[in-house]
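Values reported hereafter were calculated over all heavy atoms of this structure, with side chains retained and with hydrogens, waters and symmetry mates removed. No experiment lies behind these values; they were computed from the predicted model shown.
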Amino acid sequence: MTVRLHWFLPTTGDDRNVVGVTARDSLQSRATSRPPTLDYLAQVARAAESTGFEAVLTPTGSDCEDSWLTTAALIPQTSRLKFLVAFRPGVIAPPLAAQMTATYQRLSGGRLLLNIVTGSDADEQRSYGDFLGHDERYGRTGEFLHLLHTAWQGESYDFEGDHYRVAGGRLRRPPEARPPVFFGGSSEAALPVAARYADTYLTWGEPPAAVKRKIDRVRELAAAEGRELSYGIRLHVISRDTAAEAWAEADRILESLDPAAIKAAHERFSRSDSAGQRAMAALSGGRTDRLEIHPNLWAGFGLVRPGAGTALVGSHEQVAERIEEYASLGIEHFILSGQPHLEEAIRFGECVRPLLTREPALVRP
């Protein structure tokens, strides 16, 4: 079993309840008890670093602070923590992205990881000026990643594709070490792009059988490309000294959700053009009475939160066992979060991580 642990940087703000929803529109941020100030985000980053996490995922979207600027500001606030920066290819030109990654690698001492986010809610995509359809966006992402890898070689290049055209491109100061590419997507349009260009394929937290089917498919496609990928999963965590305490916290979070928000979110998520988002919505069906969809896997966050919607819930030992179960499928990277992110990073690092160190293949930063 190989396990690499990563945390989440709450650039939308932080709270003890689900962040990022209102009673009527699950994609509009409500006020949070902890705004995403640089001081607070630095506290979360330092807590993740001190408790043994390798990196922090920083999200992208209209409800977040910008991932590039925020993490760049945190470079001097940390010493070894890596930054998994999420961004959307459709809003940055590939030659500029190559230059940004090279600069970031030099300024951070090689602490950049890239999370390629092809798209999100169609309305939000259009708010950024992106009107491409779902499958077209993945075609553009493939061209983007091809150009990114080409630019990192430091040679002059020309390119003309369906979405990009470059004449005389050249990255004059390529990075000494190119940043690893993390890539997620559940549709048939997404998987071949992952197989051809990603270093790590990411999935949201579905039950293990569904996760296995997905990564087996990506493995098959990657093998056809002559490549091998690593695999990662995005999950929330509610870990306590006893299972009863953990489930009591899950119940408290559930009770805080407005039924109107649950209904509105489920309707929106179910008609999303994102296959992954529709899968998250289907796990709960918008109902609150059958949320444990696999032992210790709870779909409560996905009732109202876009994106990753499941949490590992249980005692510290049970959470460690579930991580080991996913690791046995070939999952190496675990991108975790818990609200509030400051306290939960410390709790997980002190109480769950030592249980994983019983296995010699836990990767230590």
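Remark: Glu220 pairs with Arg217 by the salt bridge (Lys or Arg N to Asp or Glu O under 4.0 Å) rule, at least two apart or across chains. Listed by chain and residue number, Ser272, Gln277 satisfy the side-chain contact (heavy atoms from CB on, under 4.5 Å) test with Ser274 (two or more places apart in sequence, or in another chain). By the side-chain hydrogen bond (donor to acceptor under 3.5 Å, both in side chains) test, Asp14 is found to be paired with Tyr40, His341, residues two or more places apart in sequence or in another chain being considered. For the salt bridge (Lys or Arg N to Asp or Glu O under 4.0 Å) test, residues two or more places apart in sequence or in another chain that qualify with Glu249 are Arg252. By the side-chain contact (heavy atoms from CB on, under 4.5 Å) test, His146 is found to be paired with Thr150, Phe159, Tyr197, residues two or more places apart in sequence or in another chain being considered. Applying the side-chain hydrogen bond (donor to acceptor under 3.5 Å, both in side chains) test to Asp66 and every residue at least two apart in sequence or in another chain returns nothing.
Side-chain atoms of Ser50 come within 3.5 Å of backbone atoms of Ala47 as a donor-acceptor pair (strictly under, hydrogens ignored). For the pair Arg227 (side chain) and Ala198 (backbone), a donor-acceptor distance under 3.5 Å is present. Although no hydrogens or angles enter the test, the distance criterion places no donor-acceptor pair under 3.5 Å between the side chain of Gln318 and the main chain of Val313. Arg196 places no side-chain N or O within 3.5 Å of a backbone atom of Leu145 that could act as its donor or acceptor partner. With Arg268 contributing its side chain and Ala265 its backbone, the two residues share no donor-acceptor pair below 3.5 Å. Panel note: side chain Glu292, backbone Asn296; a donor-acceptor pair is recorded below 3.5 Å.
A side-chain donor-acceptor contact under 3.5 Å links Trp152 and Thr101. There is no side-chain donor-acceptor pair under 3.5 Å between Glu325 and Ser328. Ser230 and Tyr201 are not linked by any side-chain donor-acceptor pair at a separation below 3.5 angstrom, with hydrogens and angles left out of the test. In summary, the side chains of Ser186 and Arg278 do not present any donor paired with an acceptor at a separation below 3.5 Å, with no hydrogens or angles considered.
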*salt bridge (charged side-chain N to carboxylate O under 4.0 Å, His left out) evaluation trace for Arg353 with Glu54*: CA-CA 12 Å; Arg353 188 172 183 273; Glu54 181 176 342; over 6 Å; no

Practice problem: Could you walk me through whether Thr141 and Thr118 pass the side-chain hydrogen bond (donor to acceptor under 3.5 Å, both in side chains) test, one step at a time? | Solution: CA-CA 6 Å; Thr141 295; Thr118 295; 3.0 Å; yes

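A salt bridge links Arg240 with Glu344; the closest basic N to acidic carboxylate O contact falls under 4.0 Å. Taking 4.0 Å as the cut-off between side-chain N and carboxylate O, Asp199 and Arg178 count as a salt-bridged pair. Under the 4.0 Å criterion applied to side-chain N and carboxylate O atoms, Arg219 and Glu228 are not assigned as salt-bridge partners. Of the charged side-chain nitrogens involved, none lies within less than 4.0 Å of a carboxylate oxygen, so that Asp216 and Arg213 do not count as a salt-bridged pair. Between Glu343 and Arg16 there is a salt bridge, since a side-chain N of the basic residue sits under 4.0 Å from a carboxylate O of the acidic one. Comment: Glu136 does not engage Arg140 in a salt bridge, judged by the lack of any side-chain N to carboxylate O separation of less than 4.0 angstrom.
Counting heavy-atom neighbours within 6.0 Å of Arg173 CZ, excluding the residue itself, gives a total of 12 or less.
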